[in-house]
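What follows is one structure encoded as C-alpha cells, with my remarks underneath.
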Amino acid sequence: WANLNLRCAERVLIRIGTFKAKTFDQLFEGVKALPWEQFIPADGAFPVKGHSLDSALHSIPDCQKIIKKAVVSRLGAKYGQTWFDEIGEKYQIQFAIMHDVAELYLDTSGAGLHKRGYRANSNAAPLRETLAAAMVKLARWRGRDPFLDPFCGSGTIAIEAAMIAQRRAPGLLRRFDAEKWSCFDKSVWQQARESAMKSSCLGNLKQIGLAMNMYTDAGKGIIQIIDWHKIESFTKLLNGIEKDEYAAGMVCPKSHARLN
C-alpha cells in the first residue's frame with residue numbers, strides 16, 4: 001500500500017533490526033543474528049549499500065563487506081550452502097550507522113518513488129515528482145479551483161497536482177522490487193492496486209494546466225484533465241481565468257537557475 005500511495009516519500013524500507021555497533025565484530029554478530037531467511041530465498045540477490053554518520057565504523061566499503069559476509073553466514077547456515085549465485089530477484093539491503101547504532105533494512109521500492117512511470121525523458125535539471133507533490137500539498141490545492149504554473153517546464157507540478165485532485169495513486173504506473181519477492185503473496189499486491197484504482201476520482205475537474213513555455217509532453221495520455229497551452233505572456237495566461245474566480249498559482253525556479 002505504501003509504495004503505491006505515498007506521494008512525497010522516496011523509498012519504503014522494512015527495518016530488519018537495530019543494535020549497537022562500535023566494532024566490526026559487533027556489526028558482524030548483530031547482522032548475523034537477524035532473520036534474513038524470512039525474506040531472502042536461497043537464490044536471491046542481496047547487494048548492500050548504506051551510510052555512516054558520527055560513528056566509529058565510518059568506512060562504508062568495509063561495512064558493506066562485513067554486512068555481506070554476515071548475511072551470507074546466516075543464510076548459509078539456514079540453507080546449507082557455502083556459496084550463493086544470487087541469480088534470483090533483488091533484495092536490496094540498506095544500512096545506516098548513526099552514533100554507533102546500526103539499523104538494517106530491506107528496500108521494497110527498487111527505483112526511487114519519484115519515478116512515477118509517466119515520464120520517459122526529462123530535461124537537464126528536472127524537479128523531482130515527490131518534491132512537486134509536496135509543494136502542491138503544502139499549497140492545500142484540492143482541485144476545486146484552477147491551478148496555474150506559468151513556467152511549468154516539463155509539467156511536473158501540474159501533473160502531480162492533477163493526480164492529487166483525482167486521488168490517483170502515484171505508483172499505479174510502475175512496479176516495485178517487492179512485488180517479485182517470494183516472501184509476499186502476489187495477490188496482496190493485486191488487491192492493493194485494485195483498491196487504489198477504486199479510490200481514484202476520475203471525473204472532470206476545472207482547467208488546471210494553463211502554462212507558458214510548455215515544451216514536453218510528459219504525462220500525455222496519462223492525465224487527460226490537464227489543458228496544456230503554450231502562452232507567450234503572463235497577461236494572456238491570467239485572461240484564461242474568470243474575474244471572480246479563485247486560482248492557485250505555483251512557480252518553480254527554472255533549470256538554469258538551479259544548475260547555477
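Quick note: numbers below take in every heavy atom, side chains included, and nothing from hydrogens, waters or symmetry partners. Everything numeric here is computed off the predicted structure, so don't read it as measured data.
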Value rounded to 0.5 Å, distance of [atom1] in [X] from [atom2] in [Y]:
X	Y	atom1	atom2	value
Met98	His51	CE	NE2	6.0 Å
Lys180	Glu89	NZ	CD	5.0 Å
His99	Asp54	NE2	CG	5.0 Å
Ser55	Ile97	OG	CD1	6.0 Å
Leu104	Leu27	CG	CG	7.5 Å
Trp141	Met135	CH2	CE	14.0 Å

For the residue pair [X] and [Y], establish whether any side-chain heavy-atom pair is separated by less than 4.5 Å.
X	Y	result
Leu6	Pro170	no
Asp43	Asp85	no
Leu34	Phe19	yes
Glu86	Val72	no
Ile66	Phe95	no
Trp181	Leu106	yes
Leu172	Met197	yes
Lys49	Gln64	yes

side-chain contact (heavy atoms from CB on, under 4.5 Å), that's the test. Do Arg7 and Glu129 meet it? Break it down for me.
CA-CA 8 Å; Arg7 297 188 187 278; Glu129 289 79 356; over 6 Å; no
Hey, any chance [X] and [Y] share a hydrophobic cluster, counting ILVMFWY side chains that come within less than 4.5 Å of each other, even indirectly?
X	Y	value
Tyr105	Tyr91	no
Val101	Phe24	no
Leu13	Ile67	no
Ile14	Leu113	yes
Val12	Trp1	no

Flag the pair Glu103 and Arg15 as a salt bridge only when some basic side-chain nitrogen lies within less than 4.0 angstrom of an acidic carboxylate oxygen.
yes
Worked check of side chain to side chain donor-acceptor pair (under 3.5 Å) between Asp177 and Thr108:
CA-CA 6 Å; Asp177 277 3; Thr108 68; over 6 Å; no
Yes or no on side chain to side chain donor-acceptor pair (under 3.5 Å) for Ser187 and Asp185, after CA distance, side-chain angles and deciding distance?
CA-CA 5 Å; Ser187 65; Asp185 189 342; 2.9 Å; yes
Check for a donor-acceptor pair, side chain of Arg168 on one end and backbone N or O of Met163 on the other, with a separation under 3.5 Å.
no
Given 3.5 Å as the limit, does a donor-acceptor pair link the side chain of Glu160 with the main chain of Thr156, or not?
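Not at all, since once roles are kept as given, no pair shorter than 3.5 Å links the two residues.
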Heavy-atom closest contact ([X] atom, [Y] atom, distance):
X	Y	result
Ile164	Ala133	CD1-O, 3.8 Å
Cys183	Gln38	CB-O, 3.6 Å
Ala196	Ala169	CB-CB, 3.7 Å
Asn3	Ser109	OD1-OG, 2.6 Å
Arg174	Glu179	O-OE2, 4.1 Å
Arg193	Arg175	NE-NH1, 3.3 Å

Arg116 and Thr130: side-chain contact (heavy atoms from CB on, under 4.5 Å), yes or no, with the steps?
CA-CA 9 Å; Arg116 308 292 204 212; Thr130 46; 3.9 Å; yes
Would you kindly check if the NZ (Lys) or CZ (Arg) of Lys68 is within the cone defined by 45 degrees around the ring axis of Phe46 and under 6.0 Å from the six-membered ring centre?
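Here Lys68 passes the 6.0 Å and 45° test against Phe46.
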Just do the side-chain contact (heavy atoms from CB on, under 4.5 Å) check on Ile157 and Val136 with the steps written out, would you?
CA-CA 7 Å; Ile157 299 177; Val136 176; 4.0 Å; yes
Parallel, tilted or perpendicular: which describes the rings of Trp189 and Phe176, with under 30° parallel and over 60° perpendicular?
parallel
